[in-house]
Amino acid sequence: MIGAGPVGLMLTALLQSLDGVSVRLYEKRRDYTRTRMVQLASYLVADSVESYCVDSLDADSIEAVFDPPELDEGLAFRQSIPTDLMALLRDWSLGFCPLNSIERSISDLIDSRVSNAGQRVAAVQRTAAVVSADDAMAMLEPEDILIDCTGSNSLLRDHLTPGWAGVNGGANTLKIRLEYALVITFLYGQQYDCNEYCKYYKNSENARYKFIPMVQRTHYDGSVSHVSGIVNITAEDYESMPPRFDGEWLRSNRPGVAESMDRFLDKIRQETQGEIIGDLEVVRIPLDLYRARNATSRRWRAAGPSDHPFTRSPVFLAGDSAIGSPYFQSISLGFECAMYMAGLISQRDMPVAEMLDRYELFMYKQWLRVYMRSKMIKHNKDLFECIDDPFALLDKLHIY
Ligand SMILES: Cc1cc2nc3c(=O)[nH]c(=O)nc-3n(C[C@H](O)[C@H](O)[C@H](O)COP(=O)(O)OP(=O)(O)OC[C@H]3O[C@@H](n4cnc5c(N)ncnc54)[C@H](O)[C@@H]3O)c2cc1C
């Protein structure tokens with residue numbers, strides 16, 4: 001396993017409880033420092049088809065894309081997840097929490113299981129190293145499965161197809177840029193809940209730069225509300241901004257966006273008489289939706305015998321290295337892939353070719369699901385941006 005971000009760690013923790021599996025986990029970072037707040041979807045801990053399809057943006061697509069036995073298989077796998085890991089998942093899916101606390105908790109769980117005498121777990125050998133594609137190929141031994149969890153700049157995505165490696169950078173990636181956005185996060189000293197009416201009302205004087213909190217990303221922990229949302233910006237804005245900055249930078253350099261935020265915040269204050277704690281945290285990001293056209297090495301196997309290690313050993317992409325999506329859904333999708341992959345590996349008598357085919361099909365279905373969900377969110381956002389301008393709104397409505 002290369003990459004011990006949230007998905008590599010989750011997969012390691014799942015494989016650790018399987019008989020006859022040992023894991024070598026490589027990670028280049030020495031510590032988990034990413035403090036951004038993230039949200040996990042409740043479908044990760046669903047125990048029925050109804051609770052799996054609880055998200056109204058997703059429910060119809062899930063039933064259209066997945067057959068009932070596939071949904072049942074996913075739910076059955078969840079039942080087999082060890083209780084220590086399931087307890088963490090349940091906890092995270094309630095609110096939202098720092099990314100590094102998810103990473104540290106799974107990482108500590110993996111280490112504590114190893115040292116916990118009496119518990120029967122697979123060996124996990126952890127190595128701090130930057131692994132290159134050549135290193136990964138050189139270290140592959142018969143019976144090994146190589147899993148790339150190295151995130152959006154995947155180490156192996158462009159090496160999965162014969163003839164493409166190093167020649168056509170990005171040829172194995174289908175990418176759709178949906179928009180550029182500022183992700184703005186702040187703390188508020190009172191309870192603040194958001195819904196679609198609230199988004200509209202609080203932006204009513206913002207013709208441009210509407211701040212759109214994500215409903216599930218407003219979280220009250222008993223004394224403070226954590227709020228995170230996005231503001232659409234142009235490509236030119238994006239190019240001319242630093243990667244991250246605070247409210248002061250915003251006021252001095254982008255007064256239009258800052259005024260829009262101030263109007264939104266004033267309305268929150270009028271409603272609940274609270275105060276913003278500290279400053280705004282702002283990150284600029286391109287919101288990309290992408291997939292690896294091939295999420296496994298099956299094309300190497302289909303190309304016939306050769307010296308290339310990928311013709312002998314199966315390779316899989318998991319997490320952001322396989323599929324990336326905006327609008328705060330990627331980790332959940334990555335965890336879903338990890339569960340499916342662990343389920344495949346647990347079926348020790350499954351032929352490798354079948355494993356590769358099944359994973360490709362599953363990833364394609366996950367792609368369809370997240371593609372439809374993301375396009376729907378983007379479309380709804382586009383309509384919302386011009387909701388008070390009937391002509392602009394009608395231009396965006398292709399009714400029939
Ligand atoms: C501002 C922001 C907010 C977000 N909010 C949410 C949210 O609310 N909910 C959500 O689901 N998602 C959210 N995301 C997305 C989420 O952070 C990613 O989907 C998630 O981190 C992907 O996990 P991963 O394990 O696949 O990859 P990564 O987190 O990118 O981890 C990859 C790991 O591989 C290691 N690595 C890379 N290359 C090598 C190498 N060559 N050798 C060794 N190690 C290597 C890296 O050091 C890293 O630890 C957000 C993203 C951003 C930018």
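For ligands, and for the atoms within them, numbers begin at 1 and follow the listed sequence. Below, each value reflects all heavy atoms present in this structure, side chains not excepted, and no hydrogens, waters or symmetry copies. Just so it is clear, the model here is predicted, and its values are computed rather than measured.
Minimum heavy-atom separation, S204 to D388: O-OD2, 4.4 Å.
Looking at S240 and R254, their side chains do bring a donor and an acceptor atom within 3.5 Å of each other. In this structure, a donor-acceptor pair under 3.5 Å is absent between the side chains of S105 and D108.
Near V130, meaning under 4.0 Å from one of its heavy atoms, ligand 1 places the atoms 42 (N). Of all atoms in ligand 1, numbered sequentially from 1 with element shown, those under 4.0 Å from a heavy atom of C149 are 32 (C), 33 (C), 34 (O). Here is the list of ligand 1 atoms found below 4.0 Å of a heavy atom in V131: 40 (C), 41 (N), 42 (N), 43 (C). Close approach of ligand 1 to G319 is summarised as follows: ligand atoms under 4.0 Å from at least one heavy atom of the residue are 26 (O). Close contacts of ligand 1 with G151, meaning ligand atoms under 4.0 Å from a residue heavy atom, involve 27 (O), 30 (O), 32 (C). Each of the following atoms of ligand 1 lies closer than 4.0 Å to a heavy atom of S332: 11 (O).
Close N/O approach between V38 and ligand 1 is not found [any backbone or side-chain N/O within under 3.5 Å]. Taking distance alone, with nitrogen or oxygen atoms compared against 3.5 Å, S330 approaches ligand 1 more closely than that limit. Any N or O atom pair closer than 3.5 Å counts here, and S321 shares no such pair with ligand 1.
A distance-only check finds a donor-acceptor pair linking the side chain of N253 to the backbone of W249 [under 3.5 Å].
At least one heavy atom of A129 lies less than 4.0 angstrom from ligand 1. The closest approach between any non-hydrogen atom of R34 and ligand 1 is below 4.0 Å. Heavy atoms of G334 come nearer than 4.0 angstrom to ligand 1 in no pair at all. The shell of residues lying under 4.0 angstrom from ligand 1, judged by heavy atoms, excludes V283.
For atom 24 (P) of ligand 1, the candidate residues are T185, L333, V7; the nearest heavy-atom contact is made by V7. Looking at K28, E27, R29 and measuring to atom 35 (C) of ligand 1, the nearest heavy atom belongs to E27. Of the listed options P6, G8, G5, P6 places a heavy atom closest to atom 21 (O) of ligand 1.
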Candidate pair T12 and R126, rule side chain to side chain donor-acceptor pair (under 3.5 Å), full reasoning | CA-CA 10 Å; T12 301; R126 301 182 67 159; over 6 Å; no
Pair N172-R157, side chain to side chain donor-acceptor pair (under 3.5 Å): steps then yes or no | CA-CA 7 Å; N172 191 27; R157 199 189 299 138; over 6 Å; no
Run the side chain to side chain donor-acceptor pair (under 3.5 Å) check on D135 and S132 step by step: do they pass?
-> CA-CA 5 Å; D135 295 335; S132 68; 3.1 Å; yes
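Residue pairs that meet the side chain to side chain donor-acceptor pair (under 3.5 Å) test with at least one member in residues 277-292, sequence neighbours left out, are R177-D288.
Looking at R298 and E354, no side-chain N of the basic residue comes within less than 4.0 Å of a carboxylate O on the acidic one, giving no salt bridge.
Note that OH of Y327 and NZ of K378 are 5.5 Å apart. Values are rounded to the nearest 0.5 Å.
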